[in-house]
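Contents: one structure, followed by commentary.
Values below: all heavy atoms of this structure, side chains included; hydrogens, waters and symmetry mates excluded.
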Amino acid sequence: MRRLPGIAFAAALTLAAPAPVWQAPPYGMAASVTPLREAFTLAAREYGVPEKVLLAVSYMESRWDTNRGLPSVAGGYGPMHLVDGRAAATGGHRDAEGDPRGDESRPYRVMVGDVAPTPPEDTLRRAAELTGTTPDVLRTDPAANVRAGAALLAEYQRHAGGGAGWYAAVARYPGQGGTGAGRSFADAVYATMRTGAARVTDTGERIVLSPTPGLIAKKGTPALRRMPGAVTPDCPREISCEWIPAAYRRTKNGGHGNHDRYDGHRQIDYIVIHDGETSYDAMTRLVKNPDYLSWHYTVRSADGYVAQHLRCDDIGWHAGNWYFNSRSIGIEHEGYLAKGAWFTEAMYQASARLVAYLAGRYDIPLDRAHVLGHDNVPGTTPQTVRGMHQDPGPYWDWAHYFDLLGHPLTAARKQDARSVMIRPDYAVNQPYFTGCVSSGDCPPRSAASVWLHSAPSEEAPLVRDVGRHPDDDSTYSVYDHAARASTGQRYALAGREGDWTAIWYLGQKAWFHDPADAPVSVPASGRLVTPKPGHSPVRLYGRAYPEASAYPRGVSAQQLIPLQYSLPAGQFYSLGLTTRSSYLRSAATATVRHRVVRGDARYRQIQFGHRVMFVRAADVQVVSS
């Protein structure tokens with residue numbers, strides 16, 4: 001087994017380029033002009049909260065960003081993540097369009113879930129009461145927000161009693177008390193104080209929390225209760241985790257939902273990152289429905305609390321592609337692709353700890369060919385391409401996530417490399433999107449994506465995606481990744497012209513604005529594939545299934561259905577991995593065992609567009625980057 005990857009967490013300093021300073025709009029009283037760092041000092045002094053505690057709590061919630069007054073995916077506002085319980089409780093539907101099981105050999109209709117989430121604790125209005133400030137001001141004035149967060153911490157400390165130190169108050173702060181879940185949040189806050197942290201915020205202010213080595217927390221909160229059940233949660237010790245099992249019982253249609261149990265240890269090649277399009281509360285109730293779908297873990301936004309629903313060797317129905325489902329672990333995150341503006345640091349850190357742990361346990365490489373977004377999973381057939389999901393979307397900060405994993409997405413040393421990695425500065429990269437609301441433009445937000453044009457000009461149309469848009473053009477919708485490339489993805493260099501860079505993408509040249517003084521890509525190393533002479537155009541597949549002759553008696557051969565794309569001669573695409581063809585025959589009932597069929601054919605996984613796809617190894621040749 002490989003050595004467990006290192007985790008950088010709070011010790012890694014993010015020094016982003018300054019963003020334009022945000023000025024809070026007036027709401028009947030003037031917004032504070034006090035610099036954010038001084039606001040922490042004044043608030044700590046006023047309410048008797050240790051300044052380092054206040055700074056570390058804010059770092060774990062927002063990394064000291066104001067996010068332009070926009071809410072988090074959990075309805076939290078400002079540097080102190082004050083949660084508007086009324087706003088966060090809206091919407092209880094998780095999109096289950098299509099068949100997340102992704103295996104047409106065993107049709108299964110998934111019921112669309114509709115569960116009204118339980119409103120979270122409304123810390124925004126309680127903080128408004130404590131400080132005599134209106135909720136509108138707390139949403140938009142960073143200094144007032146910090147002051148209100150200090151008032152909340154002071155109140156929690158009074159209720160906990162002075163003998164408990166500040167640990168219990170910190171554990172209580174995310175507003176999810178009662179289960180001991182705040183323990184890992186408090187541990188992360190104290191770890192941040194020990195190691196220190198520093199970064200430039202989205203208002204352009206550099207904030208430093210100096211380290212306090214050897215700091216020991218006086219723990220006054222109860223230890224996490226491990227929920228009873230047949231399976232003990234398989235999580236790293238550093239995070240709070242409980243077992244909330246997914247449903248597995250006979251359904252009305254005669255099948256067994258909502259996942260496949262696997263007898264033995266299966267091959268796991270991928271970890272798939274999702275957002276749930278609803279709250280943690282709603283997701284952990286939906287997964288108990290046998291007519292719904294399933295995944296392995298859910299991560300909560302406010303404090304990074306984790307629920308495990310499936311044994312990792314069992315197969316979740318989460319990716320819409322049976323090949324990937326059968327070889328992956330699915331992790332859902334509380335939140336929305338477009339509704340929320342940002343994901344909390346607590347959730348990023350807990351998720352990264354979990355992924356690093358699972359990668360070490362199952363020997364999964366920590367790169368963007370193996371740690372995929374749901375939006376990177378290909379369709380299974382030409383008919384399913386348009387319905388594949390788009391989460392976690394452009395606002396997921398892949399660069400920060402890989403920093404936390406201890407595998408930063410850095411440039412190759414060789415400057416004349418034949419491929420590039422998409423790597424915009426997340427803090428200042430704010431591309432135009434539509435569709436965040438029923439109509440109109442999305443508000444400016446940091447994003448990990450870049451738009452791809454058919455020519456080196458902003459006026460040029462976006463590149464075409466014949467699978468996503470067979471009869472029309474690509475759009476700027478936040479839900480449309482037909483013409484987008486994302487942080488960490490590697491593409492073959494196809495040309496440069498002025499401030500523009502071209503890559504090979506979906507069988508064509510795709511151009512993105514990449515000026516030398518503000519680059520959004522970096523040189524990358526790694527192997528490329530191109531058609532062998534006489535083999536072009538090469539067909540693309542959404543799964544690496546065996547040849548018909550490999551299937552034994554009693555197992556129906558799966559059709560090798562190519563997607564509507566092709567790889568022309570003279571084009572190059574980055575190689576992610578090479579695999580031997582296989583198919584996991586699913587059990588039709590709980591009493592029939594699964595069976596793995598392995599073929600002689602080998603496939604190359606390539607970054608063909610925004611999604612990965614497969615080509616037959618016999619059709620392509622591998623070249624050095």
Side-chain angles (χ1 to χ4, degrees), residues 29 32 34-66 72 74-85 120-178 180-194 197 207 209-210 212 215-222 302-303 344-346:
M29 60 181 295
S32 172
T34 304
L36 187 59
R37 184 62 183 83
E38 187 175 355
F40 281 104
T41 301
L42 296 175
R45 185 182 307 158
E46 180 179 2
Y47 288 98
V49 180
E51 190 171 346
K52 288 192 174 184
V53 169
L54 189 61
L55 280 163
V57 168
S58 177
Y59 183 87
M60 279 300 299
E61 293 284 28
S62 68
R63 298 176 76 211
W64 304 318
D65 283 340
T66 67
S72 75
Y77 288 86
M80 298 303 298
H81 195 254
L82 301 177
V83 175
D84 184 343
E121 181 179 357
D122 197 327
T123 58
L124 177 74
R125 284 172 178 78
R126 180 55 186 157
E129 293 171 358
L130 290 172
T131 59
T133 312
T134 67
D136 280 343
V137 169
L138 298 186
R139 289 189 189 95
T140 58
D141 184 340
N145 187 278
V146 169
R147 179 172 176 265
L152 277 176
L153 278 168
E155 181 179 58
Y156 298 156
Q157 163 67 352
R158 286 193 299 273
H159 290 166
W166 283 92
Y167 185 92
V170 171
R172 172 74 178 80
Y173 188 84
Q176 307 290 340
R183 178 181 61 83
S184 61
F185 177 80
D187 287 344
V189 167
Y190 275 76
T192 300
M193 286 191 283
R194 280 191 291 272
I207 295 182
L209 170 60
S210 58
T212 309
L215 175 67
I216 299 176
K218 185 184 292 185
K219 299 186 177 182
T221 190
D303 55 3
T344 67
E345 181 67 7

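Distance check, rounded to the nearest 0.5 Å: CD of Glu129 to CG of Leu124 gives 10.5 Å. Atom OH in Tyr173 sits 13.0 Å away from atom CG in Asp303 (nearest 0.5 Å). The OH atom of Tyr47 sits 9.5 Å away from atom CG of Leu152, with the distance rounded to the nearest 0.5 Å. Here the CG-CZ distance, from Leu54 to Arg45, works out to 12.5 Å after rounding to the nearest 0.5 Å. The NZ atom of Lys52 sits 3.0 Å away from atom OG1 of Thr212, with the distance rounded to the nearest 0.5 Å.
Relative orientation of the Tyr167 and Tyr190 rings is tilted, given thresholds of 30° and 60° on the angle between their planes.
Closest heavy-atom contact between Pro120 and Val83: CG-CG1, 3.9 Å. Here the closest heavy-atom approach between residue Ala44 and residue Glu51 is recorded as CB-CA, 3.8 Å. Minimum heavy-atom separation, Thr131 to Ala151: CG2-CB, 3.8 Å. Between His81 and Ser72, the shortest heavy-atom contact is NE2-OG, 2.7 Å. When every heavy atom of Trp166 is checked against every heavy atom of Leu153, the shortest pair comes out as CZ3-O, 3.5 Å. Here the closest heavy-atom approach between residue Leu36 and residue Pro142 is recorded as CD1-CB, 4.0 Å.
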| said: Run the side chain to side chain contact (heavy atoms under 4.5 Å, CB included) test on Trp64 and Glu345 for me, step by step, so that the C-alpha distance in whole Å, both residues' side-chain angles and the decisive distance to 0.1 Å come before the verdict. | reply: CA-CA 10 Å; Trp64 304 318; Glu345 181 67 7; over 6 Å; no

| request: Kindly determine whether Thr133 and Asp141 satisfy side chain to side chain contact (heavy atoms under 4.5 Å, CB included), including the steps that lead there. | output: CA-CA 11 Å; Thr133 312; Asp141 184 340; over 6 Å; no

| field | Criterion side chain to side chain contact (heavy atoms under 4.5 Å, CB included) on Met193 and Tyr59, from CA distance to verdict | value | CA-CA 10 Å; Met193 286 191 283; Tyr59 183 87; over 6 Å; no

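A donor-acceptor pair is defined here as one N or O able to donate and one able to accept, closer than 3.5 Å; no such pair exists between the side chain of Asn145 and the backbone of Leu82. Checking side-chain atoms of Arg37 against main-chain N and O of Ile207 turns up no donor-acceptor pair under 3.5 Å. Of the possible polar contacts, one joining the Ser62 side chain to the Ser58 backbone as a donor-acceptor pair under 3.5 Å is found.
Applying the side chain to side chain donor-acceptor pair (under 3.5 Å) criterion to Glu46, with sequence neighbours excluded, gives Arg147. With sequence neighbours left out, Arg125 forms a salt bridge (Lys or Arg N to Asp or Glu O under 4.0 Å) with Asp84, Asp122.
Classification of Arg172 and Glu121 as a salt-bridged pair holds, one side-chain N sitting under 4.0 Å from a carboxylate O.
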